[in-house]
Amino acid sequence: MTTDAALTARRSRFGAVLPAVWYDRDTRVVARALLGTVLECRTEEGVASGRIVETEAYLGGDDPACHAAVGLTERNRHLHGPPGIAYVYRIYGAHWCFNAVTEPAGKGSAVLVRALEPLVGIEIMRRRRPAARRDIDLTSGPGKLCAALGIVGAHDGLPLQRPPLVIRAGTPVPDDAVEVTPRIGITRAAEWPLRFLVRDNPWVSRTPGHFFRRRFEG
DNA sequence: CATTTGATGTTCT
DNA sequence: GAACATCAAATGC
């Protein structure tokens, strides 16, 4: 699995913003390595960002849960694109989900970002997420974090190396703090261990039967 | 605090 | 017409 050392090396060589080639490798490796990095979105409202604490890998090819499994369609066209770009799609007609495309173009692989720890623009996030009674509810889910950051369909296909969408190196997460579980909210290949999260982090999404111990009031 | 239910509308069969 | 990488409100402890 990958490594904070590699991340550090990349950081010194490329600067804080993760370069497109950084995503050009095994999707599981990227999913793990994205933990601790910072996702930022700039809009006319301002800048909002958060530290990634939960991801899921979706593998092109044999993964029946990946959108690429249905082949190339209008909706998933950027999922088949080059690595280091955004794949943003609407789910349940109401919410947006954000992915970072991985592996060489044509593979149809990506990492879904499922939860963030808010860093910058918390007031903006509160405004965008009026239903969130506590700050813990601002970004603890794939649809929630898109709403909080202002990520919408217009961001589909954009690179992740310059505004409005940027992923940069953050505080590394050591291997012993990484937990791997089955993915959430899917029916096919649901048992595959492709969900990565920061152990005991209060900002991860709520999963049935696994609720938080700690209370966080906004 | 834990579990269930209804809303939502686009995408694909 | 069914499925869907979800969310929030309502219900039951």
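The sequence lines fix the lettering, A, B, ..., with proteins before strands; numbering per chain opens at 1.
When each of A/Leu79, A/Leu59, A/Leu112, A/Leu194 is tested with A/Cys66 by the rule side chain to side chain contact (heavy atoms under 4.5 Å, CB included), just one qualifies, namely A/Leu79.
Side-chain contact check for A/Thr171 and A/Arg51: at least one donor-acceptor pair (N or O, by modelled atom type) lies under 3.5 Å. A/Arg114 and A/Thr139 form no side-chain donor-acceptor contact under 3.5 Å, judged by distance and modelled atom types alone.
For the OP1/OP2 pair of C/dA8 and a distance below 4.0 Å, the side-chain nitrogens and oxygens of A/Arg129 include at least one atom meeting the criterion. The shortest distance between the side-chain N/O atoms of A/His95 and the OP1/OP2 oxygens of B/dT8 is not below 4.0 Å. For the OP1/OP2 pair of C/dT6 and a distance below 4.0 Å, the side-chain nitrogens and oxygens of A/Arg114 include at least one atom meeting the criterion. A sub-4.0 Å separation between OP1 or OP2 of C/dA3 and a side-chain N or O of A/Thr187 is absent. Considering only side-chain N and O atoms, A/Thr73 lies nowhere under 4.0 angstrom from the phosphate OP1 or OP2 of B/dT11.
To the nearest angstrom, P of B/dG9 lies 13 Å from CH2 of A/Trp96. B/dC12 atom P lies 12 Å from atom CZ of A/Arg77, rounded to whole Å. Here the C1' atom of nucleotide C/dA5 and the CZ atom of A/Arg188 are 10 Å apart, to the nearest Å. What separates CG of A/Leu197 from C1' of C/dA5 is a distance of 16 Å, to the nearest Å. Nucleotide B/dT13 holds its P atom 12 Å from the NE2 atom of A/His67, rounded to whole Å. A straight line from CD of A/Glu54 to C1' of C/dA5 spans 11 Å, rounded to a whole angstrom. To the nearest angstrom, C1' of C/dT6 lies 18 Å from CZ of A/Phe98. Whole-Å rounding puts the A/Arg133 CZ to C/dC7 C1' distance at 16 Å.
Taking only distance into account, the side chain of A/Tyr92 never meets the base of B/dA7 through a donor-acceptor pair shorter than 3.5 Å.
In a base pair of the Watson-Crick type (N1 to N3 plus N6-O4 or O6-N4) or a G-U wobble (N1-O2 and O6-N3), with each distance short of 3.5 Å, B/dT8 is matched with no nucleotide. Remark: C/dA5 base-pairs with no nucleotide in the shown strands. Criterion, Watson-Crick or G-U wobble with two distances under 3.5 Å.
Candidate nucleotides B/dT10, C/dA8, C/dA5 were compared by shortest atom distance to the side chain of A/Arg90, and B/dT10 ranks first. Checked against C/dC7, C/dA5, B/dT13, the side chain of A/Tyr89 finds its nearest nucleotide in C/dA5.
Note: the hydrophobic cluster containing A/Val88 also contains A/Val152 (ILVMFWY, side chain heavy atoms under 4.5 Å, direct or indirect links).
Taking the ring axis of A/Tyr58 as reference, the NZ or CZ atom of A/Arg183 stays within 45° of it and closer than 6.0 Å to the ring centre.
Across all strands shown, A/Asn99 has heavy atoms under 4.0 Å from base atoms, whether or not it also approaches the sugar-phosphate.
Both thresholds, 5.5 Å between centres and 30° between ring planes, are met by A/Tyr58 relative to the base of C/dA5, so the two rings are stacked.
When each of A/Ala131 and A/Ala110 is assigned the nucleotide of DNA chain C with its nearest heavy atom, A/Ala110 is the one assigned upstream, toward the 5' end.
A/His80 approaches A/Leu72 most closely through the heavy-atom pair CD2-CD1, 3.5 Å.
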